[in-house]
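Worksheet: the structure to be examined is printed underneath.
All figures in this text were calculated on a predicted structure; none of them were measured in a lab. Heavy atoms only: backbone and side chains are in, while hydrogens, waters and symmetry mates are out.
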Amino acid sequence: MPISLSTWKHGLQPNQITFDKIISGGSALDAVELGARYCESDLTCMSVGKGAIPDELGQVTLDASIMDHEGSCGSVAFVRNYEHVASIARRVMEKTPHVMLAGEGAERFAEREGFPRTDLLTEKAKALWEEWRKAPDKLHIRLRRAEEGEHEYAFVKVDDEGRETEMNRDEIGAPRNVSHDTIGIIARDANGHLAGACTTSGLAFKMQGRVGDSPIIGAGLYVDGKHGAAVATGNGELVMRACSSFYMVELLRQGVEPEEVCKRAIARLAGDKHLKDDMQVGIMLIRADGKWATRSLRSGFQYAVASDTANGRNVLQDAFSDDKSEIINQF
(Lines give C-alpha, C1' and ligand atoms only; values in the text may rest on other atoms or scores of the structure.)
Protein backbone atom coordinates (compact mmCIF):
# COMPACT_ATOMS: atom_id res chain seq x y z
CA MET A 1 0.00 0.00 0.00
CA PRO A 2 1.67 3.27 -1.10
CA ILE A 3 1.56 5.98 1.55
CA SER A 4 3.41 9.18 2.36
CA LEU A 5 3.41 11.49 5.37
CA SER A 6 5.03 14.91 5.72
CA THR A 7 5.32 17.25 8.68
CA TRP A 8 3.54 20.58 8.99
CA LYS A 9 1.36 22.62 6.69
CA HIS A 10 4.31 23.51 4.50
CA GLY A 11 4.67 19.77 3.88
CA LEU A 12 1.38 19.52 2.00
CA GLN A 13 2.76 20.11 -1.49
CA PRO A 14 5.98 18.14 -0.88
CA ASN A 15 3.79 15.27 0.30
CA GLN A 16 1.77 15.42 -2.93
CA ILE A 17 4.99 15.29 -4.94
CA THR A 18 6.22 12.35 -2.87
CA PHE A 19 2.98 10.42 -3.25
CA ASP A 20 2.73 11.12 -6.98
CA LYS A 21 6.19 9.67 -7.41
CA ILE A 22 5.47 6.42 -5.60
CA ILE A 23 2.09 5.80 -7.26
CA SER A 24 3.76 6.28 -10.65
CA GLY A 25 6.11 3.42 -9.81
CA GLY A 26 8.96 5.35 -8.23
CA SER A 27 10.85 4.15 -5.20
CA ALA A 28 10.15 5.51 -1.74
CA LEU A 29 13.74 6.76 -1.62
CA ASP A 30 13.43 8.75 -4.85
CA ALA A 31 10.05 10.05 -3.71
CA VAL A 32 11.11 11.43 -0.33
CA GLU A 33 14.16 13.08 -1.90
CA LEU A 34 11.95 14.72 -4.52
CA GLY A 35 9.54 16.01 -1.89
CA ALA A 36 12.40 17.39 0.20
CA ARG A 37 13.93 19.13 -2.80
CA TYR A 38 10.65 20.93 -3.50
CA CYS A 39 10.55 22.35 0.02
CA GLU A 40 14.24 23.35 -0.16
CA SER A 41 13.38 25.55 -3.15
CA ASP A 42 10.12 26.96 -1.76
CA LEU A 43 10.91 30.56 -0.78
CA THR A 44 7.68 30.83 1.21
CA CYS A 45 8.95 28.20 3.64
CA MET A 46 11.42 30.10 5.81
CA SER A 47 12.69 27.09 7.74
CA VAL A 48 14.10 24.93 4.93
CA GLY A 49 16.59 25.50 2.13
CA LYS A 50 16.89 28.73 0.17
CA GLY A 51 15.14 31.66 1.80
CA ALA A 52 15.40 30.22 5.31
CA ILE A 53 15.98 32.34 8.40
CA PRO A 54 19.71 32.68 9.10
CA ASP A 55 21.68 32.06 12.27
CA GLU A 56 22.84 34.72 14.73
CA LEU A 57 25.59 35.86 12.34
CA GLY A 58 23.29 36.16 9.34
CA GLN A 59 24.39 32.93 7.65
CA VAL A 60 21.91 30.31 6.41
CA THR A 61 23.21 26.89 7.39
CA LEU A 62 21.37 23.72 6.43
CA ASP A 63 21.11 20.16 7.78
CA ALA A 64 19.56 17.06 6.21
CA SER A 65 19.39 13.29 6.36
CA ILE A 66 18.01 10.46 4.26
CA MET A 67 17.59 6.71 4.88
CA ASP A 68 16.33 3.71 2.93
CA HIS A 69 14.71 0.37 3.76
CA GLU A 70 18.05 -1.47 3.82
CA GLY A 71 19.50 0.70 6.56
CA SER A 72 21.68 2.78 4.26
CA CYS A 73 21.76 6.39 5.37
CA GLY A 74 23.50 9.69 4.82
CA SER A 75 23.43 13.13 6.38
CA VAL A 76 25.02 16.55 6.24
CA ALA A 77 25.20 19.37 8.77
CA PHE A 78 26.18 23.04 8.79
CA VAL A 79 26.13 23.34 5.01
CA ARG A 80 26.29 26.82 3.50
CA ASN A 81 25.73 27.91 -0.10
CA TYR A 82 24.13 24.66 -1.30
CA GLU A 83 20.37 24.46 -1.67
CA HIS A 84 19.58 20.76 -2.00
CA VAL A 85 21.12 19.27 1.10
CA ALA A 86 18.81 16.23 1.12
CA SER A 87 20.32 15.24 -2.22
CA ILE A 88 23.83 15.85 -0.90
CA ALA A 89 22.98 13.59 2.05
CA ARG A 90 21.86 10.90 -0.39
CA ARG A 91 25.13 11.26 -2.28
CA VAL A 92 27.03 10.81 1.01
CA MET A 93 25.03 7.61 1.52
CA GLU A 94 25.67 6.26 -1.96
CA LYS A 95 29.17 7.46 -2.74
CA THR A 96 31.13 7.44 0.51
CA PRO A 97 31.76 4.90 3.29
CA HIS A 98 30.50 7.50 5.78
CA VAL A 99 27.15 8.48 7.23
CA MET A 100 27.67 12.18 8.00
CA LEU A 101 29.70 15.04 6.60
CA ALA A 102 29.68 18.50 8.16
CA GLY A 103 30.69 22.06 7.43
CA GLU A 104 33.46 22.74 4.94
CA GLY A 105 33.99 19.02 4.37
CA ALA A 106 30.39 18.58 3.30
CA GLU A 107 30.63 21.65 1.09
CA ARG A 108 33.79 20.42 -0.63
CA PHE A 109 32.10 17.08 -1.22
CA ALA A 110 29.04 18.82 -2.71
CA GLU A 111 31.29 20.82 -5.02
CA ARG A 112 33.12 17.68 -6.20
CA GLU A 113 29.78 16.04 -6.88
CA GLY A 114 28.70 18.90 -9.10
CA PHE A 115 26.08 20.55 -6.91
CA PRO A 116 25.75 24.24 -7.82
CA ARG A 117 26.59 26.91 -5.26
CA THR A 118 23.90 29.46 -4.51
CA ASP A 119 23.26 32.32 -2.11
CA LEU A 120 20.71 30.96 0.36
CA LEU A 121 19.95 34.28 2.07
CA THR A 122 17.06 36.19 0.50
CA GLU A 123 16.40 39.88 1.03
CA LYS A 124 13.30 39.13 3.10
CA ALA A 125 15.19 36.78 5.44
CA LYS A 126 18.08 39.23 5.68
CA ALA A 127 15.74 42.08 6.62
CA LEU A 128 14.17 39.96 9.33
CA TRP A 129 17.61 39.04 10.70
CA GLU A 130 18.71 42.67 10.68
CA GLU A 131 15.64 43.61 12.71
CA TRP A 132 16.30 40.78 15.16
CA ARG A 133 19.99 41.75 15.48
CA LYS A 134 19.09 45.27 16.62
CA ALA A 135 17.18 43.90 19.62
CA PRO A 136 17.21 40.08 19.94
CA ASP A 137 14.82 40.21 22.88
CA LYS A 138 12.23 42.12 20.83
CA LEU A 139 11.60 39.55 18.12
CA HIS A 140 10.83 35.89 18.61
CA ILE A 141 8.81 32.97 17.28
CA ARG A 142 5.56 31.73 18.78
CA LEU A 143 3.63 28.60 18.03
CA ARG A 144 -0.04 29.15 17.30
CA ARG A 145 -2.35 26.58 18.83
CA ALA A 146 -5.23 24.76 17.14
CA GLU A 147 -7.85 26.91 18.85
CA GLU A 148 -6.39 29.97 17.13
CA GLY A 149 -7.28 28.54 13.74
CA GLU A 150 -3.64 28.22 12.70
CA HIS A 151 -0.99 25.61 13.27
CA GLU A 152 2.22 27.25 12.13
CA TYR A 153 4.80 29.42 13.84
CA ALA A 154 4.50 33.20 13.79
CA PHE A 155 7.07 35.95 14.22
CA VAL A 156 6.17 38.25 17.11
CA LYS A 157 7.44 41.73 17.97
CA VAL A 158 7.64 42.83 21.60
CA ASP A 159 7.32 46.51 22.51
CA ASP A 160 9.05 48.26 25.42
CA GLU A 161 6.17 47.38 27.73
CA GLY A 162 6.32 43.69 26.88
CA ARG A 163 3.24 43.63 24.65
CA GLU A 164 3.36 41.23 21.72
CA THR A 165 2.23 41.98 18.17
CA GLU A 166 2.27 39.27 15.54
CA MET A 167 3.98 40.33 12.33
CA ASN A 168 1.85 40.37 9.21
CA ARG A 169 2.83 37.55 6.86
CA ASP A 170 3.37 40.03 4.04
CA GLU A 171 5.98 41.81 6.17
CA ILE A 172 8.27 38.81 5.95
CA GLY A 173 7.35 37.70 2.47
CA ALA A 174 5.69 34.43 3.38
CA PRO A 175 2.02 34.63 2.38
CA ARG A 176 1.47 30.87 2.61
CA ASN A 177 3.76 29.52 5.28
CA VAL A 178 5.23 31.31 8.25
CA SER A 179 7.08 28.32 9.56
CA HIS A 180 9.98 27.52 11.77
CA ASP A 181 10.32 23.82 11.50
CA THR A 182 11.92 20.92 9.73
CA ILE A 183 10.16 19.07 6.99
CA GLY A 184 10.29 15.34 7.59
CA ILE A 185 8.90 12.94 5.00
CA ILE A 186 8.40 9.18 5.29
CA ALA A 187 6.94 6.93 2.61
CA ARG A 188 6.12 3.35 1.66
CA ASP A 189 6.15 2.46 -2.03
CA ALA A 190 4.26 -0.16 -4.05
CA ASN A 191 7.00 -2.72 -3.35
CA GLY A 192 6.59 -2.25 0.39
CA HIS A 193 9.91 -0.44 0.71
CA LEU A 194 10.21 2.37 3.24
CA ALA A 195 12.33 5.52 3.15
CA GLY A 196 12.55 8.88 4.85
CA ALA A 197 14.18 12.29 4.56
CA CYS A 198 14.56 15.37 6.77
CA THR A 199 15.78 18.81 5.74
CA THR A 200 15.97 22.07 7.70
CA SER A 201 17.74 25.32 8.45
CA GLY A 202 17.22 24.75 12.16
CA LEU A 203 16.22 27.29 14.75
CA ALA A 204 15.78 30.85 13.56
CA PHE A 205 18.71 33.06 14.65
CA LYS A 206 20.38 30.02 16.23
CA MET A 207 23.86 30.11 17.76
CA GLN A 208 26.33 29.59 14.94
CA GLY A 209 27.32 25.93 14.72
CA ARG A 210 24.16 24.68 16.39
CA VAL A 211 22.92 21.43 14.84
CA GLY A 212 19.56 19.89 15.72
CA ASP A 213 18.03 16.47 15.33
CA SER A 214 17.32 16.50 11.58
CA PRO A 215 20.70 15.17 10.39
CA ILE A 216 21.10 12.79 13.33
CA ILE A 217 20.16 9.25 12.35
CA GLY A 218 17.98 7.83 15.10
CA ALA A 219 16.89 11.27 16.34
CA GLY A 220 15.10 13.15 13.56
CA LEU A 221 14.84 10.13 11.26
CA TYR A 222 15.14 6.34 11.37
CA VAL A 223 14.12 3.61 8.93
CA ASP A 224 14.21 -0.17 9.28
CA GLY A 225 12.63 -1.85 6.28
CA LYS A 226 11.53 -4.87 8.31
CA HIS A 227 9.74 -2.87 10.96
CA GLY A 228 9.02 0.77 10.18
CA ALA A 229 10.03 4.34 9.47
CA ALA A 230 9.76 7.28 11.86
CA VAL A 231 10.42 10.99 11.84
CA ALA A 232 10.35 13.74 14.45
CA THR A 233 10.10 17.53 14.16
CA GLY A 234 10.26 20.34 16.67
CA ASN A 235 12.76 21.09 19.41
CA GLY A 236 15.83 19.19 18.27
CA GLU A 237 17.50 19.06 21.65
CA LEU A 238 14.53 17.21 23.13
CA VAL A 239 14.45 14.79 20.21
CA MET A 240 18.18 14.10 20.34
CA ARG A 241 18.15 13.33 24.04
CA ALA A 242 15.28 10.88 23.53
CA CYS A 243 16.59 9.34 20.26
CA SER A 244 12.93 9.58 19.31
CA SER A 245 12.90 8.08 15.82
CA PHE A 246 15.02 5.08 16.73
CA TYR A 247 12.96 4.59 19.88
CA MET A 248 9.74 4.45 17.86
CA VAL A 249 11.05 1.96 15.33
CA GLU A 250 12.52 -0.18 18.09
CA LEU A 251 9.11 -0.36 19.78
CA LEU A 252 7.61 -1.41 16.44
CA ARG A 253 10.23 -4.15 16.25
CA GLN A 254 9.09 -5.33 19.67
CA GLY A 255 5.51 -5.62 18.40
CA VAL A 256 4.00 -2.52 20.00
CA GLU A 257 1.08 -1.07 18.02
CA PRO A 258 1.74 2.26 16.21
CA GLU A 259 -0.65 4.37 18.30
CA GLU A 260 0.89 3.06 21.51
CA VAL A 261 4.37 3.64 20.12
CA CYS A 262 3.57 7.30 19.55
CA LYS A 263 2.02 7.61 22.99
CA ARG A 264 5.14 6.18 24.65
CA ALA A 265 7.48 8.33 22.55
CA ILE A 266 5.66 11.51 23.54
CA ALA A 267 5.62 10.44 27.19
CA ARG A 268 9.38 9.95 26.99
CA LEU A 269 9.77 13.51 25.66
CA ALA A 270 7.39 14.90 28.27
CA GLY A 271 9.60 13.45 30.99
CA ASP A 272 12.68 15.38 29.91
CA LYS A 273 13.86 17.60 32.78
CA HIS A 274 14.79 20.29 30.23
CA LEU A 275 11.23 20.55 28.88
CA LYS A 276 9.73 24.04 28.82
CA ASP A 277 6.35 25.31 27.71
CA ASP A 278 7.95 26.90 24.65
CA MET A 279 8.97 23.51 23.19
CA GLN A 280 7.03 21.45 20.66
CA VAL A 281 7.67 18.04 19.06
CA GLY A 282 5.58 16.23 16.46
CA ILE A 283 6.19 12.59 15.53
CA MET A 284 5.03 10.31 12.70
CA LEU A 285 5.61 6.67 11.83
CA ILE A 286 4.72 4.07 9.23
CA ARG A 287 4.88 0.39 10.16
CA ALA A 288 6.27 -1.99 7.55
CA ASP A 289 2.75 -3.18 6.67
CA GLY A 290 1.59 0.39 5.99
CA LYS A 291 -0.21 1.14 9.25
CA TRP A 292 0.70 4.63 10.43
CA ALA A 293 0.28 6.94 13.41
CA THR A 294 1.14 10.46 14.58
CA ARG A 295 1.12 12.43 17.82
CA SER A 296 2.50 15.64 19.27
CA LEU A 297 3.75 17.04 22.54
CA ARG A 298 1.59 20.16 22.26
CA SER A 299 -1.56 20.85 20.30
CA GLY A 300 -1.03 22.58 16.98
CA PHE A 301 1.05 20.06 15.04
CA GLN A 302 -0.30 19.31 11.59
CA TYR A 303 0.86 16.77 9.03
CA ALA A 304 0.02 15.82 5.45
CA VAL A 305 -0.96 12.25 4.56
CA ALA A 306 -1.72 10.60 1.23
CA SER A 307 -2.55 6.95 0.65
CA ASP A 308 -4.44 4.55 -1.57
CA THR A 309 -6.91 3.91 1.23
CA ALA A 310 -7.96 7.57 0.99
CA ASN A 311 -8.43 7.30 -2.78
CA GLY A 312 -5.08 8.95 -3.30
CA ARG A 313 -6.16 12.19 -1.64
CA ASN A 314 -3.48 14.29 0.05
CA VAL A 315 -4.93 15.92 3.15
CA LEU A 316 -3.78 18.04 6.07
CA GLN A 317 -4.67 16.65 9.48
CA ASP A 318 -4.23 17.60 13.13
CA ALA A 319 -2.13 15.32 15.30
CA PHE A 320 -3.54 14.26 18.64
CA SER A 321 -2.00 15.75 21.79
CA ASP A 322 -2.75 15.22 25.47
CA ASP A 323 -1.36 18.65 26.27
CA LYS A 324 -3.76 21.16 27.75
CA SER A 325 -1.29 23.91 28.66
CA GLU A 326 -1.62 27.56 27.74
CA ILE A 327 -0.62 28.90 24.34
CA ILE A 328 3.14 28.86 23.93
CA ASN A 329 4.59 32.35 24.26
CA GLN A 330 7.99 31.90 22.70
CA PHE A 331 9.87 29.25 20.75
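The structure places OH of Tyr303 at 12.5 Å from OG1 of Thr7, a figure rounded to the nearest 0.5 Å. Taken to the nearest 0.5 Å, the NE2 atom of His193 stands 13.0 Å off from the CD1 atom of Ile22. In this structure, His84 NE2 and Lys50 NZ are separated by 10.0 Å, a value rounded to the nearest 0.5 Å. Note that SG of Cys73 is 8.5 Å distant from CG of Leu221, once rounded to the nearest 0.5 Å. Annotation: the span from Ile185 atom CD1 to Thr233 atom OG1 amounts to 11.5 Å, rounded to 0.5 Å. For the atom pair Thr18 OG1 and Asn314 CG, the distance stands at 9.0 Å (nearest 0.5 Å).
Ser201 and Lys206 form no side-chain donor-acceptor contact under 3.5 Å, judged by distance and modelled atom types alone. Thr199 and Glu40 are linked by a side-chain donor-acceptor pair at a separation below 3.5 angstrom, with hydrogens and angles left out of the test. Between the side chains of Asp189 and Ser27, no donor N or O sits under 3.5 Å from an acceptor N or O. For the residue pair Ser214/Thr182, the side-chain donor-acceptor check at 3.5 Å is satisfied. Inspection of the Ser321 and Arg295 side chains reveals no N or O donor paired with an N or O acceptor under 3.5 Å. No side-chain N or O of Tyr82 forms a donor-acceptor pair with one of Glu107 less than 3.5 Å apart.
Just one of Val223, Leu5, Leu252 meets the side chain to side chain contact (heavy atoms under 4.5 Å, CB included) condition when paired with Ile286; it is Leu5.
For the pair Arg287 and Glu257, the salt-bridge criterion is met [side-chain N within less than 4.0 Å of a carboxylate O]. We find that Asp272 and Arg241 are joined by a salt bridge, their nearest charged nitrogen and carboxylate oxygen being less than 4.0 Å apart. Using a 4.0 Å cut-off between charged side-chain N and carboxylate O, Asp119 and Arg80 make no salt bridge. Between Arg253 and Glu250 there is a salt bridge, since at least one side-chain N of the basic residue sits less than 4.0 Å from a carboxylate O of the acidic one. Under a 4.0 Å N-O distance rule, the pair Glu113/Lys95 qualifies as a salt bridge.
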| message | Test side chain to side chain contact (heavy atoms under 4.5 Å, CB included) on Phe78 and Arg210; report intermediate values, then the result. | response | CA-CA 8 Å; Phe78 197 72; Arg210 182 264 183 186; over 6 Å; no
Original post:
Can you check side chain to side chain donor-acceptor pair (under 3.5 Å) on Gln317 and Gln302, steps first, answer last?
Top reply: CA-CA 6 Å; Gln317 296 188 356; Gln302 284 188 308; over 6 Å; no
Set out, in order, the CA-CA distance, both residues' side-chain angles and the distance that settles side chain to side chain contact (heavy atoms under 4.5 Å, CB included) for Leu43 and Thr122, then state yes or no. CA-CA 8 Å; Leu43 298 184; Thr122 61; 4.2 Å; yes
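Checking side-chain atoms of Arg188 against main-chain N and O of Met1 turns up a donor-acceptor pair under 3.5 Å. Side chain of Asp213 to backbone of Met240: no donor-acceptor contact under 3.5 angstrom is found. For the pair Gln280 (side chain) and Gly234 (backbone), a donor-acceptor distance under 3.5 Å is absent.
Cation-pi contact between Arg268 and Tyr247: present, with separation from the ring centre below 6.0 Å and deviation from the ring axis of at most 45°.
Hydrophobic clustering (ILVMFWY, side-chain heavy atoms < 4.5 Å, transitive): Met100 and Val76 are in distinct clusters.
Sorted by first and then second residue, the side-chain hydrogen bond (donor to acceptor under 3.5 Å, both in side chains) pairs with a member in residues 63-78 form an empty list; sequence neighbours excluded.
The local environment of NZ in Lys263 is sparse, with at most 12 non-hydrogen atoms from other residues, nucleotides or ligands closer than 6.0 Å. Within a 6.0 Å radius of CD in Glu130, other residues, nucleotides and ligands contribute more than 12 heavy atoms.
Taking the centre of each ring, Tyr222 and Phe246 come in below the 6.0 Å mark.
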